[in-house]
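The structure under discussion appears below in the form of structure tokens.
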Amino acid sequence: MESKTWPVLRSWNRAIFSKEEKAVQEKYNYHDIERKWQARWEESSLYRVTEDPHKKKYYCLEMFPYPSGNLHMGHVRNYSIGDVVARFKTMQGFNVLHPMGWDAFGLPAENAAIKHGIPPYKWTVDNIANMKRQLKSMGLSYDWKREATTSFPDYYKWTQWLFLQLYKRGLAYKKQGYVNWCPSCATVLANEQVVDGACERCETPVEKKALEQWYFRTTAYAQELLDSLVDLPGWPEKVKIMQENWIGRSEGAEIYFTEEKSGEKIAVYTTRPDTTFGVSYVVLAPEHPLVEKLIANTSYEKPVKAFVKKVQKMSEIVRTSAETEKEGMFIGVYVINPVNQEKVPVWVANYVLYEYGTGAVMGVPAHDERDFMFAQKYNLPIRVVIQPHPAADGPANELSASEMTEAYVGDGKMVNSGKYSGMPNREGGRTLAEDLAKEGAGQVKVNYRLRDWLISRQRFWGAPIPIVYCEKCGAVPVPDDQLPVLLPLQVEFRPTGESPLNSIPEFLHTSCPQCGGPAKRETDTMDTFVCSSWYFLRYTDPKNTAQAFAKEKADYWMNVDQYIGGVEHAILHLMYARFFTKVLADIGLVSVREPFQNLLTQGMVLKDGAKMSKSKGNVVSPEEIIEQYGADTARLFILFAAPPERDLEWSDQGVEGCFRFLNRVWRLVYHYLEDVRQQKELLVETEQLSQDDKAIRRLLHGTIKKVSEDIEQRFNFNTAISAIMELVNGLYHYREKAGQNKKLLRECMETLIVLLAPFVPHLSEELWECLHTGTGKGESVHRQPWPQYEPAALEAEEIEIVLQINGKVREHLLVPAGISREELEKRALATGKVQGALEGKQLVKVITVPDKLVNVVIK
RNA sequence: GCGGCUGUGGCGGAAUUGGCAGACGCUCUAGAUUCAGGUUCUAGUGGGGGCAACUCCAUGGAGGUUCAAGUCCUCUCAGCCGCACCA
């Protein structure tokens with residue numbers, strides 16, 4: 001740690017701080033104190049930061065909020081945690097970037113416009129103003145000069161510019177596809193935004209629609225997004241597992257089955273090429289284009305079409321549920337299995353997904369649960385091609401198709417599989433896939449569950465996609481010098497389900513940037529997750545009008561050393577931001593390939609065991625709490641009540657307790673104020689200390705050690721705070737002792753206040769000022785170096801040893817520190833307790849742990 | 001169904017490396033201060049037994065390893081979260 005050498009500031013505006021002896025109020029008046037310091041910090045630009053090549057940087061970031069208009073307790077928790085980290089790192093001597101901004105595009109602004117006739121931009125800026133006021137009342141150490149707002153043209157200009165960078169590299173493209181449509185939001189949704197077949201925002205069941213939409217090619221980065229998770233040891237395992245599942249990599253093979261009459265090839269994807277000899281049918285997804293083609297002008301055309309229609313009518317929830325009955329229909333054609341030239345029927349069935357793999361699968365009833373059920377229902381043949389390895393002892397449990405009641409999906413020996421028979425299935429499957437590839441009848445294939453990211457939204461309040469459609473030239477990107485494509489400010493909102501941009505001729509009609517002819521603008525806007533995929537980069541250079549951000553600045557600050565936010569973003573935002581960072585790295589705009597080095601996912605704030613919500617009526621308003629107890633109390637409670645990752649149960653009485661503690665601190669410092677003011681120096685030598693003095697100093701330095709470690713290594717603010725409470729309790733007791741050392745008192749008071757500074761910035765700043773009038777050390781407590789503990793001060797002369805007999809605590813021994821194992825054992829055995837217990841018994845063993853415990857085993 | 005997390009006093013939680021279970025806070029009880037209430041200060045506050053010294057029981061449950069287990073192993077129960085016809 002470099003705190004000791006860290007130079008005290010240069011630019012502090014000393015005039016702001018009074019040099020006069022300050023009259024201190026006896027009572028802790030949080031209201032005046034908080035207002036006073038918030039104003040002074042702002043006047044003196046205490047929290048401004050700039051790049052400084054001579055200092056080690058630290059980028060502390062909390063997920064920026066959607067400006068709903070009011071801060072809730074989840075925000076308070078998120079930002080309190082981040083503020084402790086930022087302040088602590090600053091005191092440790094790091095150059096700390098701690099910014100804040102607004103994820104300001106999105107549906108609620110449009111809903112407000114429809115409902116109340118307020119223009120979205122107005123609604124948004126008003127909400128921002130209110131939330132900013134609330135944030136400022138919390139006393140957070142943000143550099144507000146770096147504020148970024150995604151819905152402002154100076155920001156979304158660069159969102160559009162980044163879109164075009166992706167477009168130029170083929171990473172943004174338009175395609176026709178079956179997409180998720182939320183009828184209530186009247187827009188399409190990304191896969192990630194569909195939860196249990198419903199819209200994640202409004203819970204309306206999602207419909208499938210065939211539409212032409214814009215996509216980002218996230219699949220091009222699927223493998224890297226998966227691989228580089230191992231480069232993130234500072235991320236919670238849980239989040240990494242969720243991302244891993246979402247990417248859903250699987251290894252297998254594509255195998256081509258040829259239709260006997262037309263020669264049409266059906267590609268199926270399987271992870272089990274070892275079971276290819278067991279295929280008894282092939283199934284196509286209802287949406288598969290070959291279905292229509294193969295049944296054209298046959299007697300099967302009518303019934304199959306009716307079946308397909310019926311399946312497509314099912315809601316997404318019902319259709320993708322594992323419980324839904326598997327249904328299918330033979331479509332009248334046969335294909336040839338390339339491994340054995342067998343003729344197998346082609347079916348269409350509701351359980352095959354068109355979006356995954358090739359949209360077609362081979363049915364192997366003996367070795368796949370779904371295929372087994374399907375085969376039983378429709379009387380399709382079952383053929384065993386894998387025999388389980390016989391158990392070590394018991395009888396051979398040979399499978400036979402007629403006796404099977406469920407599929408065997410385990411490993412084993414290949415049988416009935418031509419030249420592969422006898423091989424272990426894993427190895428045989430690999431060989432078989434390679435052989436098929438050589439013959440042109442298949443290929444080894446890796447598949448991902450991850451799809452490309454659908455980014456177009458049929459909404460108004462988002463960044464317009466900067467594309468123009470020309471009758472002659474087709475889709476043409478808007479040239480950089482014509483950015484941003486501005487959203488019109490005056491818009492009429494009617495709940496028509498169509499983007500209002502379509503009904504604004506001035507927006508819609510434009511000229512082609514290429515040929516100058518008449519052209520129409522793209523009226524879809526971008527998913528708001530696009531805006532939040534790069535905001536952490538904008539913070540490094542927020543005022544840049546020539547670039548999204550200067551590379552040198554991004555390179556100085558990136559990556560984010562500590563990112564803090566809710567676990568609900570484990571997949572969406574965090575995956576998209578990772579994708580963007582990798583793309584930007586490949587373009588050469590940044591040097592890092594991962595945006596967030598360490599991630600902390602905080603738990604929810606609960607009341608009466610449930611998440612706070614209006615419908616449950618258990619919402620506690622941060623504004624009211626701050627009004628009633630002050631921001632310092634609110635922050636302290638929320639940090640003290642639980643460690644950050646866990647859910648936190650709100651308790652009004654717990655808040656009272658924290659308020660009481662701060663009053664206790666206030667009274668303690670007030671009590672000693674005169675003594676401390678008389679004594680301008682800190683303790684240097686320790687020889688003349690009394691036993692009481694030594695004890696309190698040991699407590700003090702033990703607290704420094706504990707608080708430092710709890711913040712730095714574990715983010716366990718709750719135990720850090722409890723250690724400070726113990727110190728305060730100790731100091732109260734010390735007050736009763738006679739003849740206190742005044743230098744020591746100053747050391748205790750100063751250290752106590754500095755330790756409290758990251759948690760309760762206003763109170764500690766006020767007390768620091770009270771303590772330092774006239775000492776020349778009166779600059780902000782938040783510019784003080786973090787204290788170091790003295791190992792020597794921790795050493796006690798006597799140590800309490802636990803004496804156990806047969807593993808049970810029987811006595812405590814007071815012994816000189818550092819005595820030898822032998823001496824300790826000797827003393828333990830000499831005690832009356834042990835001697836008594838030994839009477840008539842035998843000493844079996846003595847376990848001695850120096851400085852800790854002795855366990856005497858007696859029989 | 002698969003994967004993950006969490007189970008400790010009346011409550012929130014602590015015990016970081018296998019070494020005194022319950023730190024700290026809330027609640028509650030008593031004493032001091034006070035006309036009184038509140039505030040504040042002091043002491044106590046897991047359960048059972050005992051006048052007491054003391055002692056037994058106790059970390060969702062059942063086993064096990066160990067001188068020693070909240071912590072390690074096996075099985076099991078409950079709650080929460082994520083994924084789920086992904087071939």
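Not measured: the values here are computed from a predicted model. So that the names make sense, note that chain A is the first sequence line, chain B the second, and so on, each numbered from 1.
Residue A:Arg714 places at least one side-chain N or O under 4.0 Å from the OP1 or OP2 atom of B:A15. Contact between the side-chain N/O atoms of A:Lys852 and the OP1/OP2 oxygens of B:G19 is not found at any separation under 4.0 Å. Here A:Asn718 reaches the OP1 or OP2 of B:A14: one of its side-chain N or O atoms lies under 4.0 Å away. Contact check, A:Asn716 against B:G13: no side-chain N or O comes under 4.0 Å of OP1 or OP2. For A:Arg667 and B:U39, the shortest distance from a side-chain N or O to OP1 or OP2 is not below 4.0 Å. Between A:Arg735 and B:C41 there is no side-chain polar atom (N or O) within less than 4.0 angstrom of OP1 or OP2.
Using a 4.0 Å heavy-atom criterion, one finds that A:Gln713 contacts no nucleic acid atom at all. Residue-level contact check: A:His367 touches neither bases nor backbone, having no heavy atom under 4.0 Å from any strand. At the heavy-atom level, A:Gln804 lies under 4.0 Å from base atoms of the strands shown.
Of the candidate nucleotides B:A23, B:G19, B:A15, B:G19 has the atom nearest to the side chain of A:Asn855. Nearest to the side chain of A:Val802, among B:U16, B:C20, B:G19, sits B:C20. You'll find that the side chain of A:Leu853 is closest to B:G19, out of B:C26, B:G19, B:C56. Closest to the A:Met725 side chain, of the nucleotides B:C24, B:U40, B:C56, is B:C24. You'll find that the side chain of A:Ser722 is closest to B:A23, out of B:A23, B:C26, B:G25.
B:G22 and B:U6 have their P atoms separated by 23 Å, with the value rounded to a whole Å. One P atom belongs to B:G63, the other to B:C54, and the distance between them is 32 Å to the nearest Å. Rounded to whole Å, the P atom of B:A69 lies 14 Å from the corresponding atom of B:G18. Rounded to the nearest Å, the gap between the P atom of B:G60 and that of B:G7 is 8 Å. Comparing the P positions of B:A78 and B:C24 gives an interatomic distance of 36 Å, to the nearest angstrom. The P atoms of B:C73 and B:U16 are separated by 16 Å, rounded to the nearest whole Å.
Atom CD of A:Glu825 is separated from atom P of B:C67 by 16 Å (rounded to the nearest Å). What separates CG of A:Asp710 from C1' of B:A15 is a distance of 12 Å, to the nearest Å. Atom CD in A:Glu736 sits about 9 Å away from atom P in B:A43, given to the nearest Å. A:Tyr28 has its OH atom 14 Å from the P atom of B:U40, to the nearest Å. Straight-line distance from the NE2 atom of A:His812 to the C1' atom of B:C54: 15 Å, rounded to whole Å. Following rounding to the nearest Å, A:Leu727 (CG) and B:C24 (P) show an atom-to-atom distance of 13 Å. Separating the CZ atom of A:Arg664 from the C1' atom of B:C24 is a distance of 12 Å, rounded to the nearest angstrom. The distance from atom CD1 of A:Ile805 to atom C1' of B:C54 is 14 Å, rounded to the nearest whole Å.
Map A:Asn729 and A:Ile241 each onto its nearest nucleotide of RNA chain B; the residue landing nearer the 5' end is A:Ile241.
With contacts defined as side-chain heavy-atom distances shorter than 4.5 Å, the pair A:Leu668/A:His671 does not qualify.
Applying the salt bridge (charged side-chain N to carboxylate O under 4.0 Å, His left out) test to A:Glu645 and every residue at least two apart in sequence or in another chain returns nothing. Applying the side-chain hydrogen bond (donor to acceptor under 3.5 Å, both in side chains) criterion to A:Asn663, with sequence neighbours excluded, gives no partner residue.
The closest donor-acceptor contact from the side chain of A:Tyr354 to the backbone of A:Gly357 lies at 3.5 Å or more, if one exists at all. A:Arg578 places a side-chain N or O within 3.5 Å of a backbone atom of A:Leu225 that can act as its donor or acceptor partner.
For the segment residues 641-650 of chain A, the set of residues with a heavy atom within less than 4.0 Å of an atom of RNA chain B comprises A:Ala641, A:Pro643, A:Arg646, A:Asp647, in numerical order. Contacts between residues 276-287 of chain A and RNA chain B, defined by a heavy-atom separation under 4.0 Å, are absent.
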For RNA chain B, what string of dots and brackets results from 5' to 3' when Watson-Crick and G-U pairs need both distances under 3.5 Å, crossing pairs get [ ], and pairs with another strand get |?
(((((((..(((......[....))).(((((.......))))).((((....))))..(((((..]....))))))))))))....

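A cation-pi arrangement, defined by a distance under 6.0 Å to the six-membered ring centre and an angle within 45 degrees of its axis, is present between A:Arg664 and A:Tyr732.
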Where along nucleotides 82-87 of chain B does protein come under 4.0 Å, by heavy atom, of base (B) or sugar-phosphate alone (S), with - for untouched nucleotides?
SSSBBB

